[in-house]
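Reckoned from all heavy atoms, side chains included, excluding hydrogens, waters and symmetry mates.
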Amino acid sequence: QLPVVSVQREAEAQLLPDVGAVVTCKVCSINARFAKVHILYVGSTPLKSTFRGTIRKEDIRATEKDKVEVYKSFRPGDIVLAKVISLGDAQSNYLLSTAENELGVVVARSEAGVQMVPISWCEMQCPRTHTKDFRKVARVQPQFLQT
C-alpha cells in the first residue's frame, strides 16, 4: 500500500475589486484632471492580473476639492491606498477615491531614488536630500501595514 500524493490547484476565480473595497495601486500617469493607476491588491490579496483605475481630481480630497492639483497629490510610481467608488465607464476603468484621511500615498520615491518619509498630510521629504514634495499622504491604519 503506497501513500497517495495529490496536488490541488487553488480556485481559478479572479478576485475583482468591488465598490467600497480598499485597493493598493501604482500611479502610472497623471494630468491636470486625473491620475491613472494600476490596481495591484484588493485589501491584502494580490491580484493575478492588474486592473486599470482612475482617481479624478475631485475624488482626491474630501475638503477644498476646487483647490486640489493632481501633480501636488500624486506622481508616477507612487503606491496609493484608494477606495473603489464605481465600477467605471466605457474604458472599463475603476473609479477610485482617496478622499479619506486613511487613503492616499503610502510609498513614494524621491528624485534621488530614496523612499520618502511623510512629514504632514500633504508633504513628504527625501531623507537623503531633505527636499520636500507635495503628496496626498495616507494616514496608514494598522490593518493595511502588511500589504
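- Contact annotation: the side chain of Thr98 never approaches that of Arg61 to less than 4.5 Å [non-hydrogen atoms, C-beta and beyond].
- The structure places CG of Leu95 at 7.0 Å from CG of Asp59, a figure rounded to the nearest 0.5 Å.
- Ile30 places a side-chain heavy atom less than 4.5 Å from the side chain of Pro76.
- A salt bridge links Asp78 with Arg135: the closest approach of a Lys/Arg side-chain nitrogen to an acidic carboxylate oxygen falls below 4.0 angstrom.
- A side-chain donor-acceptor contact under 3.5 Å links Asn31 to the backbone of Arg33.
- The hydrophobic clustering, which links ILVMFWY residues whose side-chain heavy atoms are closer than 4.5 Å, places Leu96 and Leu47 together.
- If you take CD1 on Ile55 and CD1 on Ile85, they are separated by 9.5 Å, rounding to the nearest 0.5 Å.
- Taking hydrophobic clusters as Ile, Leu, Val, Met, Phe, Trp and Tyr residues chained together by side-chain heavy-atom distances below 4.5 Å, Val37 shares a cluster with Val68.
- At least one donor-acceptor pair under 3.5 Å links the side chain of Ser73 to the backbone N or O of Glu69.
- With sequence neighbours excluded, the residues that form a side chain to side chain donor-acceptor pair (under 3.5 Å) with Glu100 are Lys83.
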Apply the test side-chain contact (heavy atoms from CB on, under 4.5 Å) to residues Ile60 and Val70: give CA-CA distance (whole Å), side-chain angles for both, the deciding distance (0.1 Å), then the verdict.
CA-CA 8 Å; Ile60 291 175; Val70 178; 4.0 Å; yes
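- Between Ser29 and Lys36, some side-chain heavy-atom pair lies under the 4.5 Å cut-off.
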Contacts table for residues 116-127: side-chain donor-acceptor under 3.5 angstrom, sequence neighbours left out:
residue, atom, partner, partner atom, Å
Ser120, OG, Cys122, N, 3.2
Ser120, OG, Glu123, N, 3.2
Gln125, NE2, His130, O, 3.1

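- Partners of Thr131 according to the side chain to side chain donor-acceptor pair (under 3.5 Å) rule, which considers only residues two or more places apart in sequence or in another chain, are Thr129.
- By the 4.5 Å heavy-atom criterion applied to side chains, Val23 and Tyr41 are not counted as neighbours.
- There is no path of hydrophobic side-chain contacts, each under 4.5 Å, that joins Val114 to Val137.
- At least one side-chain heavy atom of Leu87 sits under 4.5 Å from a side-chain heavy atom of Val19.
- Proximity of Arg75 to Val105: side-chain heavy atoms (C-beta onward) are nowhere separated by under 4.5 Å.
- For Ala112 against Arg128, the heavy-atom pair with the smallest separation is O-NH1, 3.6 Å.
- Once rounded to the nearest 0.5 Å, the distance linking NZ of Lys26 with NE2 of His38 reads 10.0 Å.
- Taking hydrophobic clusters as Ile, Leu, Val, Met, Phe, Trp and Tyr residues chained together by side-chain heavy-atom distances below 4.5 Å, Val22 shares a cluster with Val107.
- Nearest approach of Tyr94 to Pro17, heavy atoms of both residues: CE2-O, 3.4 Å.
- Under the 4.5 Å side-chain heavy-atom criterion for ILVMFWY residues, no single connected hydrophobic cluster contains both Phe34 and Leu103.
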